[in-house]
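Report on the structure given below.
This is a predicted model, so every value here is computed, not measured.
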Amino acid sequence: MGLSENEPSDRAAADPESSNGTRWIRGLVAVGLTVVAVVVNGVFTLPAVLGLSGIERTVGATVLGELAFVVVGAGFLKLSGRGLDFLDLSVPDTRTLVQYVLGGTVALFALRSSIIGVASLAGVPLAPPSILQSSADTQLLLLVMIPLSVLIIGPSEELLFRGVIQRYLAGAFSVRGAVVGAGVLFMSIHLPTLVVVPSALGIAVTLFVIFLVGLAFGWLYASTDSLPVAMAVHGLYNASIFASAYLLLEFDIIAA
């Protein structure tokens, strides 16, 4: 699934709907999957939100919410007659893995830091990650979120948005079109968490960063034909954000 392709991916030949699937139908299905994922996410988090408090509530809601993405992705594969072979679960050789995973993580963290830094210097009001907008012990929560990012958040979200949605869109769109489409839908699920951002410009900057990062995850998946690469970079990218926030708090560079 190379980025130079302008036609539907040859890999879509294994897709049982590739012969008659049209762009608008696949686009609507992709949007529908995203809407269903958001709804299921909300339902799954209710037990933690209603029954727990403090850090347990935040962690519980995170784990249950991420499970929703896996359930929706798996449900689509089951209902559409696709199996696990629809997902690109192969792992590349060690050199390629290190090159893309480490290089991608460092590049994305640097990109985010640069954009956020410029926005802050320009006086654009930004909000911290939504996961930190709770009454829980901030530093302890940050430490807990580091392994959760790698083990749960990255894999769950990439399974749905790259492994299922991007792959499905690639059966009718160009690879670039599939990457952009999945990136837009990935960005859209973060909209509800931005209500606390104090300005429209701040929301725009945050969405821009999320969109760029989503495109990068999609590009990594398309370039390597390996979903685990996108999962790893997504998880490590999130973990690096939480780790850096922890260090900033630990050394009193920012206030909790």
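Residues that satisfy the side-chain hydrogen bond (donor to acceptor under 3.5 Å, both in side chains) test with Asp93, not counting sequence neighbours, are Thr96. Considering only residues two or more places apart in sequence or on other chains, Pro228 meets the side-chain contact (heavy atoms from CB on, under 4.5 Å) condition with Val91, Ser226. Evaluation of the ring-ring contact (aromatic ring centres under 6.0 Å, His included) rule for Tyr237 yields no partner, not counting sequence neighbours. With sequence neighbours excluded, no residue forms a side-chain contact (heavy atoms from CB on, under 4.5 Å) with Val106. Contacts of Phe76 classified as ring-ring contact (aromatic ring centres under 6.0 Å, His included), with partners at least two apart in sequence or in another chain: Tyr168. With sequence neighbours excluded, no residue satisfies side-chain hydrogen bond (donor to acceptor under 3.5 Å, both in side chains) with Glu66. Remark: Leu77 engages Arg82, Phe86, Leu87, Val164 in a side-chain contact (heavy atoms from CB on, under 4.5 Å) (not counting sequence neighbours). Here Ser199 pairs with nothing under the side-chain hydrogen bond (donor to acceptor under 3.5 Å, both in side chains) rule; sequence neighbours left out. With sequence neighbours excluded, no residue forms a side-chain contact (heavy atoms from CB on, under 4.5 Å) with Ser114.
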Can I get a per-line list of side-chain donor-acceptor pairs under 3.5 Å for residues 177-191, giving both atom names and the distance, sequence neighbours left out?
| residue | atom | partner | partner atom | Å |
| --- | --- | --- | --- | --- |
| Ser188 | OG | Leu185 | O | 2.6 |
| His190 | ND1 | Phe186 | O | 2.9 |

Sequence neighbours excluded and cut-off under 3.5 Å, please list the side-chain donor-acceptor pairs for residues 241-249, or say none.
| residue | atom | partner | partner atom | Å |
| --- | --- | --- | --- | --- |
| Ser244 | OG | Ser240 | O | 3.1 |
| Ser244 | OG | Ile241 | O | 2.8 |
| Tyr246 | OH | Glu250 | OE1 | 3.4 |

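Heavy atoms only, all atoms of each residue included: Gly73 and Leu159 are closest at CA-CD2, 4.1 Å. The two residues Arg162 and Leu227 come nearest to each other via the heavy atoms CB-CD1, 4.0 Å. What you find for Leu148 and Val63 is that their closest heavy atoms are CD2-CG2, 4.2 Å. The minimum heavy-atom distance between Gly104 and Val233, with the atom names listed, is C-CG1, 4.0 Å.
Cluster partners of Leu121: none. The rule joins Ile, Leu, Val, Met, Phe, Trp and Tyr whenever side-chain heavy atoms lie under 4.5 Å apart, and it links nothing here.
In this structure, the side chain of Thr34 engages the main chain of Ala30 through a donor-acceptor pair within 3.5 Å.
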